[in-house]
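Index from 1, following the sequence.
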Amino acid sequence: MMFQKGFFLRFGKLSSFLALDVLLSLSANLSFFSLYLNEKIRPTLFLFYLSSVWALYLADHLWDAKREKEPLSERGAFYLRFRFAIVSSLILSSFVSLFIGISFEFSFLWNHLPYLLSFVLFFVLIVTKLSPIPKEILVSGFYTLGVLLPFSLFGGSDPIVWIFFLHVFANVLLTYNTDREFDEQQRTFTLIQYGKPKTIKTFVHWLLGIGTSFLLWAWIFQNHSGGFLIGMGISYFWLGVCSLQKEKGIGFKSLCELSYLPMFLPQIIFFFSLLP
């Protein structure tokens, strides 16, 4: 039993260090909106998303590790210890992303060039500490728009978009709240610097409450399939439970990130509905 507990703990940390929980959550998000809109996402575009996001997270974590001061965090020590493997994975994922993007998804990228350029611009501004907008807002906004980019909902006013955004925003605030000391050291412009940890959690509860109210409104007044609302509702409940936990490093972050997993529920329901 102790062996199993130790194995799962190490596996969970490894998944979080390598941002595999992020890739799983991204898959849940894309799956949810693909079925919600009945619009298939091309396999090449799906692989482009996964490889691009993985490369971005590996690069971000490696950069953070190089900027950390003693004592190093567990993740920082891991990235410096296995730097060669991390850099190799970063190069491989970047190559896959560029190859697929140029060879198969060039028209998609060209059609959404303003989004890509604005993303690159604000990424540079964050890195150079010149961003006029707090990092949490930029990360939440660009992640939400990025998930919606392949679908007709992009730029739409469907309440599900705002429900999803509020969940993303609350998730980002919760996880960044654990990094406040590091962000303060790096003089990064963040929202959490304007409030104490307890204040940020209270704000997160308000965001989740507003999102839950929108969910109830959509259930009562709009014609949405129950599977989608239940999946999103469980995601909200999951993140709400996370917000009541003590913030404690990698395990807490990973638990928050995996709150998107219930968004796989509509696909699961759809799969079993096809069985004889």
What distance do [X] atom [atom1] and [Y] atom [atom2] have between them, rounded to the nearest 0.5 Å?
X: N38; Y: F33; atom1: CG; atom2: CZ; result: 15.0 Å
X: S16; Y: F252; atom1: OG; atom2: CZ; result: 12.0 Å
X: L173; Y: T178; atom1: CG; atom2: OG1; result: 11.5 Å
X: S94; Y: L56; atom1: OG; atom2: CG; result: 9.5 Å
X: I234; Y: L239; atom1: CD1; atom2: CG; result: 14.0 Å
X: S243; Y: I200; atom1: OG; atom2: CD1; result: 13.0 Å

For [X] and [Y], indicate whether the former's side chain and the latter's backbone hold a donor-acceptor pair under 3.5 Å.
X: S259; Y: S235; value: no
X: E136; Y: Y176; value: no
X: S89; Y: A85; value: yes
X: Y36; Y: P266; value: no
X: T190; Y: P134; value: no

By the salt bridge (charged side-chain N to carboxylate O under 4.0 Å, His left out) test, which pairs, at least two apart or in different chains, include something from [range]?
range: residues 187-200; value: none
range: residues 117-131; value: none
range: residues 164-186; value: K135-D183, D179-K253
range: residues 96-117; value: R42-E105

Can you tell which of H61, R67, K66 makes a side chain to side chain donor-acceptor pair (under 3.5 Å) with D64?
R67

Can you see which heavy atom on [X] is nearest to which on [Y], and at what distance?
X: N177; Y: P197; value: ND2-O, 3.4 Å
X: T188; Y: Q193; value: O-OE1, 3.4 Å
X: Y236; Y: G211; value: OH-CA, 3.4 Å
X: I133; Y: S131; value: O-OG, 2.8 Å
X: Y79; Y: A65; value: CB-CB, 3.8 Å
X: L45; Y: P150; value: CD2-CB, 3.7 Å

State, with a plain yes or no, whether a side-chain heavy atom of [X] is found less than 4.5 Å away from one of [Y].
X: L166; Y: L208; value: no
X: Y57; Y: L23; value: no
X: K201; Y: L174; value: yes
X: F169; Y: T144; value: no
X: I160; Y: F32; value: yes
X: L50; Y: F46; value: yes
X: F78; Y: L18; value: yes
X: N171; Y: V204; value: no

Considering residues, nucleotides and ligands other than [X], do more than 12 of their heavy atoms fall under 6.0 Å from its [atom1]?
X: F203; atom1: CZ; result: no
X: F214; atom1: CZ; result: no
X: W63; atom1: CH2; result: yes

Kindly write out the residues that satisfy side-chain contact (heavy atoms from CB on, under 4.5 Å) with T202, not counting sequence neighbours, or none if the list is empty.
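So T202 forms a side-chain contact (heavy atoms from CB on, under 4.5 Å) with W206.
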
Results of side-chain contact (heavy atoms from CB on, under 4.5 Å) for F264 - residues two or more places apart only:
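Testing F264 for side-chain contact (heavy atoms from CB on, under 4.5 Å), a comparison that skips the adjacent residues, returns L24, S27, A28, S31, L261, I268.
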
What's the verdict on side-chain contact (heavy atoms from CB on, under 4.5 Å) for H167 and Y260, showing C-alpha distance, side-chain angles and the deciding distance?
CA-CA 9 Å; H167 184 283; Y260 295 108; 3.3 Å; yes

Could you check L125 against L138 for side-chain contact (heavy atoms from CB on, under 4.5 Å), going step by step and ending with a plain yes or no?
CA-CA 11 Å; L125 289 176; L138 290 175; over 6 Å; no

What about [X] and [Y], same hydrophobic cluster or not, with Ile/Leu/Val/Met/Phe/Trp/Tyr joined at side-chain heavy-atom distances under 4.5 Å?
X: F17; Y: I91; value: yes
X: V53; Y: L98; value: no
X: I137; Y: V127; value: yes
X: F237; Y: I210; value: no
X: F123; Y: W54; value: yes

Are side-chain N/O atoms of T175 and E257 paired as donor and acceptor at under 3.5 Å?
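No, no side-chain donor-acceptor contact under 3.5 Å.
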
Classify the ring geometry of Y49 against F108: parallel below 30°, tilted from 30° to 60°, perpendicular beyond 60°.
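Answer is tilted, since the angle falls between 30° and 60°.
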
With under 30° as parallel and over 60° as perpendicular, where do the rings of F142 and F119 fit, or are they tilted in between?
perpendicular

Please evaluate residues N29 and Y143 with respect to the criterion side-chain contact (heavy atoms from CB on, under 4.5 Å), reporting the C-alpha separation (whole Å), side-chain torsions for both, the decisive distance (0.1 Å), and the verdict.
CA-CA 10 Å; N29 298 155; Y143 183 84; 2.5 Å; yes

